[in-house]
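We name chains A, B, ... by the order of the sequence lines, and we start the count at 1 in each one. Predicted model, so just to flag it, every value in this text is computed and none were measured. Side chains are part of it too, since the values below use all heavy atoms of this structure and drop only hydrogens, waters and symmetry mates.
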Protein chains: 2
Amino acid sequence: MMAMTKPARDCASHGCDRCEVRGNAICADLACEDRAALSRIGRRVHLQAGQTVMWEGDSSTLVANVIEGTLKLSTSTGDGREQIVGVVYASDFIGRPFGARTPHSVTALTDARLCLYPRAAFDNFAREHSRLEHRLLQRTLNDLDRTRAWMLLLGRKNAREKVATFLLDMARRLPADGNGVIDLPLSRQQIADVLGLTIETVSRQMTDLKRRGVIALEGRRGVCVRDARRLENMAEGS
Amino acid sequence: MMAMTKPARDCASHGCDRCEVRGNAICADLACEDRAALSRIGRRVHLQAGQTVMWEGDSSTLVANVIEGTLKLSTSTGDGREQIVGVVYASDFIGRPFGARTPHSVTALTDARLCLYPRAAFDNFAREHSRLEHRLLQRTLNDLDRTRAWMLLLGRKNAREKVATFLLDMARRLPADGNGVIDLPLSRQQIADVLGLTIETVSRQMTDLKRRGVIALEGRRGVCVRDARRLENMAEGS
DNA sequence: CGCGACGTTGAATCAGTTCAAGCCAAGTGG
DNA sequence: CCACTTGGCTTGAACTGATTCAACGTCGCG
C-alpha cells in the first residue's frame with residue numbers, strides 16, 4: 001500500500017498530493033513547491049497500537065502530522081497515576097515545536113500512520129512559511145480552547161456527567177456504522193484516564209446508562225447513542 | 001497616571017516606549033514603526049478588581065495585553081459551578097484571536113491595566129506581522145503545556161497534593177516581600193475554583209500545612225513557604 | 001461598636017475508590 | 001473438541017476522602 005511512486009510532472013512530484021489528510025492538516029494551504037520542500041524534510045512511519053512515539057520530559061526532537069489512526073497524549077505523576085490530556089485523530093498535529101521538551105507522552109491507541117519531521121528542521125521551515133505557522137497557531141488556539149473546556153469536566157463534573165460528556169464527544173468525532181454504533185478507540189481504563197475516574201466507576205456509569213436506555217453497548221468497544229437529548233442533559237447537570 | 005502625552009520624535013512617538021511589559025509581551029520584538037502602528041490600534045484601559053472584561057460564549061471582539069494586575073479565566077456549568085481555567089499576570093495576552101467566540105470569561109482579580117485591541121484589527125495586524133504571530137504562537141504553546149499539566153492535577157491529585165502544587169506555583173510566579181511572604185491574588189473560594197475543590201477543603205488543607213510548619217499564614221492573603229522541599233514532596237504524592 | 005464578608009472548624013453524609021470475586025470472549029494446547 | 005488460561009470488563013461490599021450543612025471566628029470598615 002501507499003508506495004512512494006515518483007511521477008514526472010513538476011508539481012505532482014511528491015507524496016503529499018495523494019495525502020488523505022492534506023485538506024485539513026497544517027500543510028493545507030502551502031503553495032505546491034513549499035509543500036514539496038516540507039515533504040522532503042519528513043518521512044512516513046507506521047505505528048502499531050500501543051507503540052509510544054514521544055515520551056514525557058524527553059527533549060523535543062520530533063513533530064508529526066497524523067495521517068491515520070488515533071493517539072493519546074498523556075502525563076503521569078511520579079507514582080504512576082496517569083492522566084490522558086488529549087486524544088488526536090487523523091490530520092491533527094503532534095509534538096512540541098519551538099520548545100526544548102516534550103511535555104507529554106504520545107502513544108498510538110490504534111495502528112496509525114504519521115508524517116514525521118525532525119523538530120529543528122520543521123521549526124526552521126515554519127519560521128520561513130508564515131502560512132504554515134498561522135495554521136499551526138489556529139490549531140493550537142483550538143486545542144487550548146478544548147483543553148480548557150475539559151478542565152471544567154475534570155474539576156467540576158461528577159462521574160455521570162463525565163461519562164455522558166465523553167460519549168457525546170466521541171459520538172461527535174467518530175464515524176458511526178449503519179446501525180449508529182461507534183467503535184471507541186479507548187479501553188475502559190483509558191476512558192478512566194481521560195475522565196479522572198477509576199475503571200470501575202466508568203464501567204458502572206456505562207452500565208447505568210445502558211439500563212436507562214440512553215445508550216446501547218455492543219461488545220467491548222461498541223456504543224450506540226439511543227437518546228442523544230437525554231445524554232446531553234446528563235452531560236450538564238440534570 | 002500614565003497620561004498619553006505625545007512627544008515629537010519619530011520613533012518615540014507612542015506610549016509603548018514607556019510600557020512596563022514591553023520586553024515580555026508579544027509586541028516585544030516588533031520593529032519600532034510596527035509597534036507604533038500596533039499602538040495606534042489599541043488603547044489603555046483600567047480595570048477594578050472584580051470587573052469582567054470578556055464573557056464566556058460572547059462573540060470575540062477584543063484581545064489585550066495585560067500591563068499590570070492579575071486576572072482569572074473561567075468557565076461555568078449551566079447550574080453555576082465554576083472552574084478557573086487560567087490565571088494571567090502582567091505581560092500575558094488575553095482574548096481569542098482568529099476565532100468567533102470567547103471560550104471563557106476574563107475577570108480582574110486585582111485592579112489591572114490592559115492594552116486593549118479590537119480583535120478584527122489585531123487579527124489583520126498579526127497576519128501581516130509574522131514576528132508578532134510567532135510570539136503569539138510560542139505563548140499559546142506554553143499556555144497549552146501548562147494547561148495540560150494542570151489537567152493531571154485536576155484529574156489525578158488529591159486535595160493535599162492540589163493545594164501544595166498551587167502554593168508552589170504561586171510562590172514561583174509572585175514576588176515575595178522581605179520576609180518571604182507572598183500576597184495571594186485569590187480568595188479561598190477562587191483557590192477552590194482553580195483546584196476543583198470546595199472552599200472548606202482548601203481551608204482545611206491550608207490549616208493542616210500550617211500546623212505541620214510547612215507554611216505560615218499571614219492574615220487572609222499572605223502565605224510564607226517555610227519548607228519548600230517538603231511542600232514539593234507533598235505536591236507529588238508523598 | 002457592630003455590621004458584613006470572608007475564613008475556619010466540626011459532624012454527618014455520600015460519591016467514588018478500593019479490594020475482591022466473578023464473568024465473558026478469544027486464544028492455546030493437550 | 002474441550003479444558004484451561006488470559007485479558008478486559010462487570011459487579012458487589014466495605015471504606016474513605018471530600019463535600020455538605022451548620023455554627024462559629026475574625027478581620028476590615030463605616
Chemist: Where the side chain of Thr198(B) is concerned, which of dT19(D), dG16(C), dA18(D) is the nearest nucleotide?
Modeler: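 In terms of side-chain proximity for Thr198(B), the closest of dT19(D), dG16(C), dA18(D) is dT19(D).
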Chemist: Which pairs, protein N/O on one side and nucleotides 6-10 of chain D N/O on the other, fall under 3.5 Å?
Modeler:
residue, atom, partner, partner atom, Å
dG7(D), N2, Arg220(A), NH2, 2.9
dG8(D), O4', Arg220(A), NH1, 3.0
dG8(D), N3, Arg220(A), NH2, 3.4
dC9(D), OP2, Arg188(A), N, 3.2
dT10(D), OP1, Arg188(A), NH2, 3.2
dT10(D), OP2, Arg188(A), NE, 2.8
dT10(D), OP2, Ser203(A), OG, 2.7
dT10(D), O5', Ser203(A), OG, 3.0

Chemist: Please say which of Leu144(B), Asp143(B), Ile84(B) ends up in a side chain to side chain contact (heavy atoms under 4.5 Å, CB included) with Arg148(A).
Modeler: Asp143(B)
Chemist: Name the residue from Val194(B), Asp193(B), Thr75(B) that meets the side chain to side chain contact (heavy atoms under 4.5 Å, CB included) definition with Val85(B).
Modeler: Thr75(B)
Chemist: Please check if the number of heavy atoms outside Arg226(B) that lie under 6.0 Å from its CZ is greater than 12.
Modeler: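 Open.
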Chemist: Please report, rounded to the nearest Å, how far the C1' atom of dG17(D) is from the NZ atom of Lys162(B).
Modeler: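 Answer to the nearest Å: 11 Å.
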Chemist: For a 4.5 angstrom cut-off between non-hydrogen side-chain atoms, does Asn158(A) reach Lys162(A)?
Modeler: no
Chemist: Could you check how far CG of Leu195(A) sits from C1' of dT17(C), rounded to whole Å?
Modeler: 15 Å
Chemist: Mind calculating the distance between CG (Leu197(B)) and P (dA15(C)) to the nearest angstrom?
Modeler: 18 Å
Chemist: Should Ser59(B) and Thr102(B) count as side-chain neighbours, where that means a heavy-atom distance under 4.5 Å?
Modeler: no
Chemist: How many Å lie between CD on Glu218(A) and P on dC24(C), as a whole number?
Modeler: 17 Å
Chemist: In whole Å, I'd like the distance from the CG atom of Leu154(A) to the P atom of dG16(C).
Modeler: 13 Å
Chemist: With a 6.0 Å cut-off (strictly less than), is the heavy-atom count around CZ of Arg43(A), excluding the residue itself, greater than 12?
Modeler: no
Chemist: Strictly below 4.0 Å, heavy-atom distances to any atom of DNA chain C: list the hits from residues 73-86 of chain A, or just say none.
Modeler: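 Within residues 73-86 of chain A, no residue comes under 4.0 Å of DNA chain C.
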Chemist: What is the distance, rounded to the nearest whole Å, between atom NZ of Lys210(B) and atom P of dT8(C)?
Modeler: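 Taking NZ of Lys210(B) and P of dT8(C), I get 8 Å after rounding.
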Chemist: Please state how far atom CG in Asp183(B) lies from atom P in dC27(D), giving the value in whole angstrom units.
Modeler: 16 Å
Chemist: Strictly by modelled atom types, are Lys157(A) and Thr77(B) linked by a side-chain donor-acceptor pair under 3.5 Å?
Modeler: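 Judged by distance alone, the side chains do not pair up.
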Chemist: Quick one: Leu184(B) CG to dG7(C) C1', roughly how many Å, whole number?
Modeler: 13 Å
Chemist: Can you tell if the side chain of Leu167(A) reaches within under 4.5 Å of the side chain of Met170(A), non-hydrogen atoms only?
Modeler: no
Chemist: Start with the C-alpha distance between Arg96(B) and Asn142(A), add both sets of side-chain angles, then the distance that settles side-chain hydrogen bond (donor to acceptor under 3.5 Å, both in side chains), and finish with yes or no.
Modeler: CA-CA 10 Å; Arg96(B) 180 51 160 98; Asn142(A) 277 327; 2.9 Å; yes
